[in-house]
Visitor: 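Got a structure for you, written out below as structure tokens; questions coming shortly.
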Amino acid sequence: MLQSKLIGETYKEWPNEATLKSHGLLIKGGYIRQVGAGLYTLLPLAKKVEEKIRNIIREEMNLIDAQEILMPLVGTKKLWDMSGRYDSIGNEMVRFKDRSKADMVLSMTHEEPVVLMAMSEAQSYQKYPFSVYQIQTKFRDEARSRGGLIRTREFTMKDAYSFHTTKESLEETYKTYFDAYHRIFKKAGVPEVIAVKSDSGMMGGDVAHEYMLLCDAGEDKIITCESCDYSANMEIATYGNLKVETEKIEDLKLVETPSMKTIDDVCKFLNTEKSRMIKAVVYTRQDDYKPVVVYIRADRDVNETKLTNLIKADVEPRKEKDTDNIVYGFVGPYNFEGNDATIVIDKSLENEASLITGANILDKHYTGLNMKRDVKNAVYVDVAKVVEKDICPVCGKSSIRISNGIEVGNIFQLGTKYTKAMGMTYLDESSTPNNPIMGCYGIGVGRLIASVLEAKATNKAVNWPITIAPFDVHICPIDYSKNGEIYTKANDLYKVLKAKGLDVLLDDRNKQPGAKFADADLVGAPIRLVISPRNLESELLEVKVTGNDKAELIKESEVIDFIENARKKLLKECGC
RNA sequence: CGGGGUGUAGCGCAACUGGUAGCGCGCGUGGUUUGGGACCAUGAGGUUGCAGGUUCAAGUCCUGUCACUCCGACCA
């Protein structure tokens with residue numbers, strides 16, 4: 001490719017809407033242009049990167065015998081009614097009518113169409129297990145797209161689906177995807193992506209992992225342990241048992257706490273630590289709108305995802321209601337009489353004693369509460385947010401860390417949620433119909449592009465891994481248009497390298513060296529070849545390989561070999 | 001969906017108490033120049049987001065509306 005013909009202008013200034021490194025570089029470097037909120041055109045450079053990522057994914061999917069298919073982006077209401085998701089999914093799914101007034105959707109994921117496909121194509125147990133995948137455009141009307149390619153509304157996604165007759169078979173396939181995903185991220189140049197346990201959300205199913213790239217730009221909170229390999233999304237992370245205060249047993253005592261509704265007020269007033277207090281958080285169930293009261297140690301916060309999963313209903317913070325019979329501000333587990341409330345007691349209170357708690361009487365608290373003695377039949381569950389330095393649930397050490405992470409992929413063991421809902425069966429050996437067990441597996445291709453930049457780029461240079469770089473080699477001749485010798489050398493090398501099958505970009509523009517180098521940093525080819533009058537006198541060429549601090553001067557006669565070897569070495573580092 | 005911000009040339013921005021739109025970069029042409037974003041000359045490029053209104057006169061004031069963006073909620 002001749003750079004003079006490359007579509008995609010580079011900017012000298014940092015785009016002001018970009019706060020993320022990847023976002024700014026993609027615009028500055030002429031990779032993407034915005035069309036609307038969460039909508040981007042991929043210019044040639046970005047498209048080349050995307051294509052290389054697609055090919056890595058395709059290669060690995062084929063390797064584990066997943067078969068490529070392509071399902072339509074548009075779905076019918078009828079199909080989505082089969083699973084019930086036409087109604088259960090919110091505004092993220094675009095609904096519209098076709099010319100004959102039939103209700104249609106833009107599929108944001110493809111469980112429904114893939115089950116429909118399997119209905120007709122996989123009726124006998126003999127086909128099972130099998131996997132299909134597609135690399136396709138998705139549209140999700142995100143409430144808030146952001147960060148360039150980090151979160152868009154329209155994006156390319158690889159989604160795979162596996163079908164099984166036994167749970168063991170699903171687990172086996174799940175493991176092959178688990179490993180394939182690690183290979184994909186390694187090949188894409190981000191081996192540091194980790195798999196963490198995650199919430200399955202509306203997808204249903206039991207086991208799920210997210211593949212996370214830990215970096216500041218990430219939107220998810222990821223829990224990792226510094227002492228062992230425990231990791232999980234904040235949404236579902238748990239922690240080990242806390243140390244219980246072993247003070248002497250106190251008697252329960254009613255104390256006056258006039259107008260003290262907040263934890264801080266009471267803490268100050270009674271001169272105690274937050275950890276000695278019980279916090280009562282009141283929510284409203286979104287299914288029957290009855291209250292949910294969560295008791296938790298006051299130095300902890302409620303993890304609403306864990307709570308939602310536990311009580312199997314969405315929750316919203318409850319506004320004070322006269323009809324509730326709840327003494328807001330003075331709620332506690334002793335002598336509580338809330339009407340119809342779901343009571344949830346966090347395990348941070350288990351075996352605790354000498355606690356201060358609301359007395360369910362206006363302006364009064366109890367001190368000396370002993371959970372075992374005073375709260376009969378309590379069931380302790382885990383609904384607390386994990387905090388920094390928390391106790392690891394696996395190794396028991398106080399070594400929990402919280403980081404931000406970008407979710408670049410996920411894998412779910414779905415079970416029979418969709419096959420059951422849609423009434424899909426296969427016949428087993430005894431001619432009995434059964435619902436197949438499913439898994440599903442996604443990778444966000446565009447998001448991966450941005451993630452690689454978050455991991456590898458500086459504010460000036462993108463530094464692509466060779467496996468996904470838009471070009472392998474960037475030839476930057478100085479004084480190309482006037483110096484005949486430079487011109488000839490550059491063109492010769494360009495031809496030879498191209499003939500060797502390398503992706504080569506030749507900067508044939510009449511620009512100052514500084515401008516060329518600045519643009520070369522934005523193209524980010526892992527091998528840069530500079531041809532200059534200065535070095536040509538001694539028949540030397542300058543080669544800069546990504547990852548090396550300095551450029552090397554190579555004899556002209558050896559430069560091709562040098563480049564080929566450098567490329568092989570870089571590929572090997574990516575596991576290719 | 002809640003809160004903040006911004007809409008003027010491809011990009012970054014300016015234009016005071018209203019007076020009829022300008023600068024830098026980039027782009028075209030001619031020339032000089034060539035190791036970290038060169039220089040001279042010359043030129044093209046705008047219904048100031050949109051719609052109303054006030055006024056002799058609106059980028060500027062008023063009303064409405066749309067879009068984009070940041071923070072939060074949400075996120076198959």
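Within every chain, numbering begins at 1; the chains are lettered A, B, ... in the order of the sequence lines, protein sequences first and strands thereafter.
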Visitor: When you check the phosphate oxygens OP1 and OP2 of B:C70, does a side-chain N or O of A:Asn16 lie under 4.0 Å from one of them?
Guide: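 Checking A:Asn16 against B:C70: no side-chain N or O falls below 4.0 Å of OP1 or OP2.
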
Visitor: Considering only the P atoms, how many Å lie between B:C70 and B:G64, rounded to the nearest integer?
Guide: 26 Å

Visitor: Whole angstroms only, please: what is the CZ-C1' distance between A:Arg151 and B:G72?
Guide: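 Distance, rounded to whole Å: 11 Å.
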
Visitor: With sugar-phosphate meaning primed atoms plus P, OP1 and OP2, does A:Lys138 contact a base, only sugar-phosphate, or nothing at under 4.0 Å between heavy atoms?
Guide: nothing

Visitor: Write down the partner of B:U20 under the Watson-Crick or G-U wobble criteria, each distance required to be under 3.5 Å.
Guide: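 The answer is none; no pair meets the criterion.
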
Visitor: For A:Glu17, answer base if it contacts any base atom (sugar-phosphate contacts may also be present), sugar-phosphate if it contacts only those atoms, and nothing otherwise; contact means non-hydrogen atoms under 4.0 Å.
Guide: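 Sugar-phosphate contact only.
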
Visitor: Roughly how many Å is it from NZ in A:Lys417 to P in B:A76, rounded to a whole number?
Guide: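 Answer to the nearest Å: 10 Å.
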
Visitor: Rounding to the closest angstrom, what is the interatomic distance between B:G2 and B:C74 at atom P?
Guide: 15 Å

Visitor: Counting only side-chain heavy atoms from C-beta out, which of B:C11, B:U34, B:C70 sits nearest to A:Gln512?
Guide: B:U34

Visitor: About how many Å separate CD of A:Glu556 and OG of A:Ser538, when rounded to the nearest 0.5 Å?
Guide: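 Answer rounded to 0.5 Å: 9.5 Å.
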
Visitor: Taking the C1' atom in each of B:G5 and B:C27, what is the distance between them to the nearest angstrom?
Guide: 31 Å

Visitor: Taking any strand in view, what nucleotide pairs with B:A15 in a Watson-Crick or G-U wobble way, both distances under 3.5 Å?
Guide: none

Visitor: Of the options B:G72, B:G37, B:C11, whose atoms approach the side-chain atoms of A:Arg146 most closely?
Guide: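 Of B:G72, B:G37, B:C11, B:G72 is nearest to the side chain of A:Arg146.
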
Visitor: Any strand is fair game: report the nucleotide pairing with B:G36 by Watson-Crick or G-U wobble, both distances under 3.5 Å, or none.
Guide: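 The answer is none; no pair meets the criterion.
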
Visitor: Within less than 4.0 Å of OP1 or OP2 of B:U69, is there a side-chain N or O belonging to A:Gln34?
Guide: yes

Visitor: Quote, to the nearest angstrom, the C1' distance that separates B:G7 from B:A15.
Guide: 16 Å

Visitor: Counting distance only, does the side-chain N/O of A:Asp346 pair as donor-acceptor with the main-chain N or O of A:Ala384 below 3.5 Å?
Guide: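 Present.
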
Visitor: Rounded to the Å, how far apart are A:Glu235 CD and B:C74 C1'?
Guide: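 These atoms are roughly 11 Å apart.
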
Visitor: Once you apply a heavy-atom cut-off of 4.0 Å, does A:Glu542 come out as touching a base, just sugar-phosphate, or nothing?
Guide: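 Base contact.
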
Visitor: For A:Lys28, report the nucleic acid contact type (base, sugar-phosphate, nothing); a contact means any heavy atom under 4.0 Å.
Guide: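 Here A:Lys28 touches the bases of the nucleic acid.
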
Visitor: Just call it for A:Arg528: base, sugar-phosphate, or nothing, with non-hydrogen atoms closer than 4.0 Å on any strand.
Guide: base

Visitor: It should be established whether A:Lys511 places a side-chain nitrogen or oxygen under 4.0 Å from OP1 or OP2 of nucleotide B:C27.
Guide: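 Answer is yes, contact under 4.0 Å.
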
Visitor: Hey, could you give me the CD1/NZ distance between A:Ile57 and A:Lys158, rounded to the nearest 0.5 Å?
Guide: 7.0 Å

Visitor: Can you tell me, in whole Å, how much space there is between the P of B:C13 and that of B:A76?
Guide: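 B:C13 and B:A76 have their P atoms separated by 35 Å.
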
Visitor: To the nearest angstrom, how far is A:Lys516 atom NZ from B:A38 atom P?
Guide: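 Interatomic distance, NZ of A:Lys516 to P of B:A38: 12 Å.
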
Visitor: Anything under 30° is parallel, anything over 60° is perpendicular, the rest tilted; go ahead and classify A:Phe163 against A:Phe130.
Guide: parallel

Visitor: Name the nucleic acid region contacted by A:Asn410, choosing base, sugar-phosphate or nothing; use a 4.0 angstrom heavy-atom cut-off, strictly under.
Guide: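 Since a base atom lies under 4.0 Å of A:Asn410, the category is base.
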
Visitor: Identify, between A:Pro513 and A:Pro15, the residue whose nearest nucleotide on RNA chain B lies closer to the 5' end.
Guide: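 Looking at the nearest nucleotide for each, A:Pro15 comes out on the 5' side.
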
Visitor: Could you check whether A:Asp141 gets within reach of a base, just the sugar-phosphate, or nothing at all, counting any heavy atom under 4.0 Å?
Guide: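 The residue A:Asp141 makes no contact with any strand.
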
Visitor: Taking all non-hydrogen atoms of both residues into account, name the closest pair between A:Pro526 and A:Ala469 and its distance.
Guide: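 Minimum heavy-atom contact is CD-CB, 3.5 Å.
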
Visitor: Could you walk me through whether A:Thr284 and A:Glu316 pass the side-chain hydrogen bond (donor to acceptor under 3.5 Å, both in side chains) check?
Guide: CA-CA 5 Å; A:Thr284 300; A:Glu316 291 278 333; over 6 Å; no

Visitor: Could you label the plane-to-plane angle of the A:Tyr177 and A:Tyr441 rings as parallel, tilted or perpendicular, counting under 30° as parallel and over 60° as perpendicular?
Guide: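 Rings of A:Tyr177 and A:Tyr441: parallel, under 30°.
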
Visitor: Looking at B:A51, which nucleotide sits across from it as a Watson-Crick or G-U wobble partner, both distances under 3.5 angstrom, or is there none?
Guide: B:U63

Visitor: Mind calculating the distance between CD (A:Glu219) and C1' (B:C71) to the nearest angstrom?
Guide: 13 Å

Visitor: Partner lookup for B:G43, please. Criteria are Watson-Crick or G-U wobble with both distances under 3.5 angstrom; report none if nothing qualifies.
Guide: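 Its partner is B:C27 (Watson-Crick or G-U wobble, both distances under 3.5 Å).
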
Visitor: Give the rounded distance in Å between these two atoms: CG of A:Leu39 and C1' of B:C68.
Guide: 12 Å

Visitor: As a test of reading the structure: which of B:G37, B:U34, B:U69 is closest to the side chain of A:Ala37, going by heavy atoms?
Guide: B:U69

Visitor: Taking only the C1' atom of each, what is the distance from B:G24 to B:U20 in whole angstrom?
Guide: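 The same atom, C1', in both gives a distance of 24 Å.
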
Visitor: Does A:Ala143 reach a base, just sugar-phosphate, or nothing at all? Heavy atoms under 4.0 Å.
Guide: base

Visitor: Across the strands shown, which category fits A:Asp521 at heavy-atom distances under 4.0 angstrom: base, sugar-phosphate, nothing?
Guide: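 Base, at least one base atom sits under 4.0 Å.
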
Visitor: Between the side chain of A:Glu60 and the main-chain N/O of A:Arg58, is any donor-acceptor distance below 3.5 Å?
Guide: no

Visitor: For A:Ser481, answer base if it contacts any base atom (sugar-phosphate contacts may also be present), sugar-phosphate if it contacts only those atoms, and nothing otherwise; contact means non-hydrogen atoms under 4.0 Å.
Guide: base

Visitor: Counting only Watson-Crick pairs (N1-N3 plus N6-O4 or O6-N4) and G-U wobbles (N1-O2, O6-N3), all under 3.5 Å, who is the partner of B:A58?
Guide: none

Visitor: Taking atom C1' in both B:C62 and B:C23, compute the distance separating them and give it to the nearest angstrom.
Guide: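 Going atom to atom, C1' in each nucleotide, I get 31 Å.
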
Visitor: When you compare the side chain of A:Tyr31 with that of A:Leu149, does any pair of heavy atoms fall below 4.5 Å?
Guide: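 A:Leu149 does not reach A:Tyr31 side chain to side chain.
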
Visitor: Across all strands, who's sitting opposite B:C1 as a Watson-Crick or G-U wobble pair, both distances under 3.5 Å?
Guide: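 Its partner is B:G72 (Watson-Crick or G-U wobble, both distances under 3.5 Å).
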
Visitor: I'd like to know if A:Arg140 reaches the base of B:C75 with its side chain, counting only an N/O donor and acceptor under 3.5 Å.
Guide: no

Visitor: Please give the distance between the C1' atoms of B:G37 and B:G26 as a whole number of Å.
Guide: 12 Å

Visitor: Rounded to whole Å, how long is the line connecting atom CG of A:Asn510 with atom C1' of B:G37?
Guide: 14 Å

Visitor: Without decimals, in angstroms, what is the distance between A:Ile32 CD1 and B:C68 P?
Guide: 15 Å

Visitor: Return the 5'-most residue of the pair A:Arg153, A:Arg144 with respect to RNA chain B, ranking by each residue's nearest nucleotide.
Guide: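 Between the two, 5'-proximity favours A:Arg153.
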
